[in-house]
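Data block below; observations after.
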Amino acid sequence: MTESFDALASLVAGGGVVVLSGAGLSTESGIPDYRGPSGVARRHTPMTFQAFTRDPLARRRYWARSHLGWRLIAGAAPNAGHRAVAGLQHAGLVDAVITQNVDGLHGAAGSTSVIELHGRLDEVTCLDCGNLTSREELDRRLREANPDFVAQVFAVNPDGDVDLPDEQVAAFRPVDCGICGTGMLKPDVVFFGETVPPQRVASCFAAVEQARSLLVLGSSLTVMSGRRFVIRAAKRGIPVAIVNQGPTRGDGNATVCVDAPLGALLPELAARVAGDAATATPVGV
């Protein structure tokens, strides 16, 4: 791996880096991913936008499970990988961060210019009136509506919900929008089968096209939502580096691939290319 790490360090040391991060970066914060070493893709089918909006029972099931599981996301703290990315940015080597994650951990670690491709789990939107509220406020309302709701959590999924038996789901009472009174509430994240807002995608493409290199961290690039930026960089002749545990669907477009845990490799990378500047606490953190 030494040769690959040297090539990676050389690329990042040149600056102008845009980071594209995936769920693998957050596993060391206790948030599982879908396809990596802690992945749950084989046992858990993520909620789709179509099921959520069309099926009241599916919506009840989602909110019952997410009401419990999102607290893991809310309580998660940035890990060494997130802090290393913020340190590289603080040192002037990373220009922007595109994240496929919905956990907000890049911002919590001190990164700026973060484009949250799939939204944030700690915000809730009304699909009727468009009102945006905090997840903390919804949590308070759901607690009031379900004072006797008690459920045993067996496993937490990457999108912040949990596995619950049907009889526990049936006892849960969802709530509607607190502003318009009847609107359907949805976490402000992009579900499977839903389209990422075009302006957000355009911002990501613009960042990639202005980059000197694209650094992919902890993403299998299985879905096109993230892989399209790797494809665009490769077409523009922009070097792509991928750090992930296991192969990815973008490996064929990569200049360098490193198979390693991010929490160990990224601090070493930051120390190599930026030294003390990358380990200083970013302003505002």
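Just so it is clear, the model here is predicted, and its values are computed rather than measured.
Put simply, the side chain of Arg200 does not reach to within 4.5 Å of the side chain of Ser203, judged on heavy atoms. Contact of the Ser21 side chain with the Asn101 side chain is registered, since non-hydrogen atoms from C-beta on lie closer than 4.5 Å. Tyr62 is not listed as a side-chain neighbour of Pro174, based on a closest heavy-atom distance of 4.5 Å or more. Proximity of Phe149 to Leu68: side-chain heavy atoms (C-beta onward) are separated by under 4.5 Å at one or more points. Between His82 and Ser111 the shortest side-chain heavy-atom distance does not fall below 4.5 Å.
The structure places CG of Asp95 at 10.0 Å from OG1 of Thr112, a figure rounded to the nearest 0.5 Å. Rounding to the nearest 0.5 Å gives a distance of 11.5 Å between CD of Glu209 and NZ of Lys235. If you take CG on Leu8 and CG on Leu269, they are separated by 5.0 Å, rounding to the nearest 0.5 Å. Annotation: the span from Ile31 atom CD1 to Asp103 atom CG amounts to 4.0 Å, rounded to 0.5 Å. Summarising the geometry, atom CG belonging to Leu262 is positioned 7.5 Å from atom OG1 belonging to Thr27; distances are rounded to the nearest 0.5 Å. His90 NE2 to Arg83 CZ: the interatomic distance, rounded to the nearest 0.5 Å, is 15.0 Å.
Gln100 and Ser219 get closest at one heavy-atom pair: NE2-OG, 3.0 Å. Heavy atoms only, all atoms of each residue included: Phe52 and Leu185 are closest at CZ-O, 3.1 Å. The two residues Cys129 and Cys177 come nearest to each other via the heavy atoms SG-SG, 3.8 Å. Ala171 and Asn146 get closest at one heavy-atom pair: O-OD1, 4.0 Å. The two residues Ser4 and Val256 have their closest heavy-atom pair at O-CG2, 3.5 Å. When all heavy atoms of His67 and Arg135 are compared, the closest pair comes out as N-NH2, 4.1 Å.
Grouping Ile, Leu, Val, Met, Phe, Trp and Tyr residues whose side-chain heavy atoms lie under 4.5 Å apart, directly or via other members, places Leu117 in a hydrophobic cluster with Val18, Leu20, Ile98, Ile115, Val190, Val196, Val201, Phe205, Val208, Leu214, Val216, Leu221, Phe229, Val230, Val240, Ile242. Applying the 4.5 Å side-chain rule to ILVMFWY residues, one finds Ile231 in the same cluster as Met224.
Donor-acceptor pairing under 3.5 Å is lacking for the side chains of Ser134 and Arg140. Between Thr182 and Asp176, the side chains place no donor N or O within less than 3.5 Å of an acceptor N or O (distance only, hydrogens not considered).
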Full working for side chain to side chain contact (heavy atoms under 4.5 Å, CB included) between Val189 and His118: CA-CA 5 Å; Val189 299; His118 297 149; 5.5 Å; no

Trace of the side chain to side chain contact (heavy atoms under 4.5 Å, CB included) decision for His106 with Leu25: CA-CA 10 Å; His106 277 296; Leu25 185 59; 3.4 Å; yes

Derivation and outcome, side chain to side chain contact (heavy atoms under 4.5 Å, CB included), residues Ser66 and Met47: CA-CA 11 Å; Ser66 183; Met47 175 61 67; over 6 Å; no

Glu137 vs Arg141, side chain to side chain contact (heavy atoms under 4.5 Å, CB included): CA-CA, chis, key distance, verdict: CA-CA 6 Å; Glu137 170 63 17; Arg141 294 181 61 215; 3.8 Å; yes

Worked check of salt bridge (charged side-chain N to carboxylate O under 4.0 Å, His left out) between Asp139 and Arg143: CA-CA 6 Å; Asp139 184 68; Arg143 286 174 183 268; 2.8 Å; yes

side-chain hydrogen bond (donor to acceptor under 3.5 Å, both in side chains) between Ser29 and Asn79, worked out: CA-CA 6 Å; Ser29 293; Asn79 62 51; 3.1 Å; yes

From CA spacing to verdict: salt bridge (charged side-chain N to carboxylate O under 4.0 Å, His left out), Asp6, Arg272: CA-CA 9 Å; Asp6 290 343; Arg272 163 84 73 91; 3.2 Å; yes

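Under the 4.5 Å side-chain heavy-atom criterion for Ile, Leu, Val, Met, Phe, Trp and Tyr, Phe49 and Trp63 are members of the same hydrophobic cluster. Residue Phe191 is grouped with residue Val102 when hydrophobic side chains (ILVMFWY) are merged at heavy-atom distances under 4.5 angstrom, including chains of intermediate members. No continuous path of ILVMFWY side-chain contacts below 4.5 Å connects Leu132 to Val114, so the two sit in separate hydrophobic clusters. When hydrophobic clusters are built by joining Ile, Leu, Val, Met, Phe, Trp and Tyr residues whose side-chain heavy atoms come closer than 4.5 Å, directly or via intermediates, Leu93 is not grouped with Ile238. Note on Val175: it clusters hydrophobically with Phe172, by side-chain heavy-atom contacts below 4.5 Å among ILVMFWY residues.
In this structure, Arg227 contributes its side chain and Arg249 its backbone to no donor-acceptor pair below 3.5 Å. Of the possible polar contacts, one joining the Arg228 side chain to the Ser225 backbone as a donor-acceptor pair under 3.5 Å is found.
Within 6.0 Å of CD in Gln199 there are 12 or fewer heavy atoms belonging to other residues, nucleotides or ligands.
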